[in-house]
Every structure is written in structure tokens, then in C-alpha cells.
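Here the structure is a predicted model, which is why all the values come from computation and not from measurement.
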Amino acid sequence: MSKLNENYFKPGLSEDAPRTIGAVLSEGEQILWEGAPKKSAFILNRILKMMPFALIWLAFDGAFIAMLSRFGAQIPTPFLIGIGVFFVIHLMPVWIWISHIVTANRQHRNLAYAFTDRRIIVKSGIVGIDFKNVYYADIAAVNLKVGLIDRLCKVGDIYIKSREGATVLYDIENCYFITQKLQKIVVDLKMDAAFPNDLRPATNSGFRTRYTADDDSSSQNNQNK
């Protein structure tokens, strides 16, 4: 048994927490595509996403607050404090909407996506930086959603369904092209892993491997013989 390298998991003395996708790549791992949400579309979506619901909620509570303010002098102080606390909590959807607007720029600054030859990496965060990994073998579906605002901004959201749940790549430009390429990478790598080892060529070209109907029919004919 080889000797255990005790320094294997020890970082360098001057090493900081990684803030870029390139800093978390494994040895020999290559980036196939790297991108980020389109800033104008991302911020606009954060503003408009909850706006109708939040404004209706605010108008409803505002009407009650205005009505109670007419009788403010006649209402006991403890009761007024209780009403104030109630409306602070009841207006939570409005506070959430405002927080999305306030933090939209910082969220966008920390958002980045990458497809490597091994996985999908999503970098995100508001205060700290988080990295989420989605391995191609775990992906069940890759779908594209283009809403009205997305169409106006010429972007789309890519939904990746895997064993760990759903991962969304927001406001991607050239979304149809990127989705098509990602779907091909997932299919090719899965087929590459599932194809019987005895039938593999001596040189395996990885995700560039193509499987056609002619190949399937020829293998069936060989089996029938």
C-alpha cells in the first residue's frame, strides 16, 4: 500500500476562497462553454416577476392602513402597536419583491455558468460565493422556457432536471443554440458511457461520438447472422 500524502487536502498558505469557475476545475477538466445572464434581462425579470402581485397586496393593505389612520387618535397605543406589527409581517410579499430589486445587480455580478467535459457548474451568491455541480450522468431532461419578457430581450431560461432537482440557467442569450448543444453533450456522454465496452472503438472521441440508425441496423444484422 502506498504511503498516504498528508498534504493532499492542505491548501496553499496564500490561497483564498475561489471566486471564479476556473478556480474549481479538476485537473485536466476543460470548459466547453461559459456564460452569464444578460444583465438587462435579468434585472428586468427581477423587477417584473412579482410586481403585479406585490402592488395588489400593497394596495389592499394600504387601504386598511389609510382607514385606520383616520381613527388613530381614538385607538389605544398598545392596539396601534399590534396593528403595526401585523402589517409589517403581512406585507412580507412586498418586502421580498423589494429585496429582489435591491439585490438584483449583486446577484447578477456573482452569477456564472459553465459546461465542462465532465459537468455543469453554476456559480451564484449574494454575500458568499456558492458553486453547484450537475453531472451529465444525472441529467434527466434539458428544457427551454422563453416568456414574453425573455422574447423581448432575446433570451431564455434553460431548465436542467436531474436527480438533485431542477437547476435553472437564467436569461441566456442564443438560448436555442446553447440548449441544442447542451442536449447533444448530455446524450453523447450518456451513450458513450452506456455503449458496451466490447463494441467500443480503440479510440473514443467522447462527446463527439455519433450514433446513427445505420449503425444500429448493421449491428442487428450482424447479430442475426
* Asked: Please walk me through it: do T179 and N143 pass side-chain contact (heavy atoms from CB on, under 4.5 Å)?
  -> CA-CA 7 Å; T179 301; N143 300 312; over 6 Å; no

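- W95 and I126 are members of different hydrophobic clusters when ILVMFWY side chains are connected at heavy-atom separations under 4.5 Å.
- If you check the side chains of K132 and T167, you find a donor sitting under 3.5 Å from an acceptor.
- With a 6.0 Å radius and a threshold of 12 heavy atoms from other residues, nucleotides or ligands, F87 has its CZ atom above the threshold.
- Here the side chains of L44 and C153 are in contact, with some heavy-atom distance below 4.5 Å.
- For the pair I158 and V168, the minimum side-chain heavy-atom distance is 4.5 Å or more.
- Side-chain contact between V146 and Y176 is present, with heavy atoms from C-beta onward closer than 4.5 Å.
- Between Q107 and S124 there is no side-chain heavy-atom pair separated by less than 4.5 Å.
- Residues F115 and I178 approach most closely at CE1-CG2, 3.8 Å, considering heavy atoms.
- Grouping the Ile, Leu, Val, Met, Phe, Trp and Tyr side chains by contacts below 4.5 angstrom, directly or via other members, places L55 with M92.
- The two residues V24 and R119 come nearest to each other via the heavy atoms O-NH2, 2.8 Å.
- Taking the six-membered ring where tryptophan is involved, the planes of F42 and Y170 are perpendicular, since the angle between them exceeds 60° and thus also 30°.
- Atoms NE2 and CD1, on H100 and I47 in that order, are 12.5 Å from each other to the nearest 0.5 Å.
- With rounding to the nearest 0.5 Å, the separation of CZ in F86 from CG in D61 is 7.0 Å.
- Between V142 and Q183, the shortest heavy-atom contact is O-NE2, 2.8 Å.
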* To do: Assess whether side-chain contact (heavy atoms from CB on, under 4.5 Å) is satisfied between I172 and D157, documenting all intermediate values.
  => CA-CA 6 Å; I172 300 298; D157 299 334; over 6 Å; no

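- Side-chain contact between Y113 and P37 is present, with heavy atoms from C-beta onward closer than 4.5 Å.
- The closest side-chain heavy-atom distance from I121 to F131 is below 4.5 Å.
- Aromatic ring orientation, F53 versus W57: tilted (interplanar angle from 30° to 60°).
- The two residues V94 and A54 have their closest heavy-atom pair at CG2-O, 3.6 Å.
- Remark: K154 pairs with no residue by the side-chain contact (heavy atoms from CB on, under 4.5 Å) rule, at least two apart or across chains.
- A distance of 11.0 Å separates CD of Q180 from CG of L182, quoted to the nearest 0.5 Å.
- Atom-to-atom distance recorded for D150:CG and N45:CG is 5.0 Å, nearest 0.5 angstrom.
- In the hydrophobic clustering of ILVMFWY residues, with side-chain heavy atoms under 4.5 Å counting as a link, L111 and V134 come out together.
- Side chain of T103 to backbone of R106: no donor-acceptor contact under 3.5 angstrom is found.
- To the nearest 0.5 angstrom, K38 atom NZ is 11.0 Å from C175 atom SG.
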* To do: Using the side-chain contact (heavy atoms from CB on, under 4.5 Å) rule, take R46 and I43 through it: C-alpha gap first, then chi angles, then the decisive distance, then the call.
  => CA-CA 5 Å; R46 289 298 175 276; I43 293 178; 5.6 Å; no

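- Heavy atoms only, all atoms of each residue included: N110 and G125 are closest at ND2-O, 2.9 Å.
- W33 and L189 fall within the same hydrophobic cluster, where Ile, Leu, Val, Met, Phe, Trp and Tyr residues are linked whenever their side-chain heavy atoms come under 4.5 Å apart, directly or through other members.
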* **From CA spacing to verdict: side-chain contact (heavy atoms from CB on, under 4.5 Å), I185, Y136** => CA-CA 8 Å; I185 292 173; Y136 296 117; 3.9 Å; yes

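- Taking each heavy atom of R118 and S26 in turn, the nearest pair found is NH1-CB, 3.3 Å.
- Rounded to the nearest 0.5 angstrom, R163 CZ and I139 CD1 are separated by 11.0 Å.
- Hydrophobic clustering (ILVMFWY, side-chain heavy atoms < 4.5 Å, transitive): F177 and L169 are in one cluster.
- The environment of E34 atom CD is dense: over 12 non-hydrogen atoms of other residues, nucleotides or ligands sit within 6.0 angstrom.
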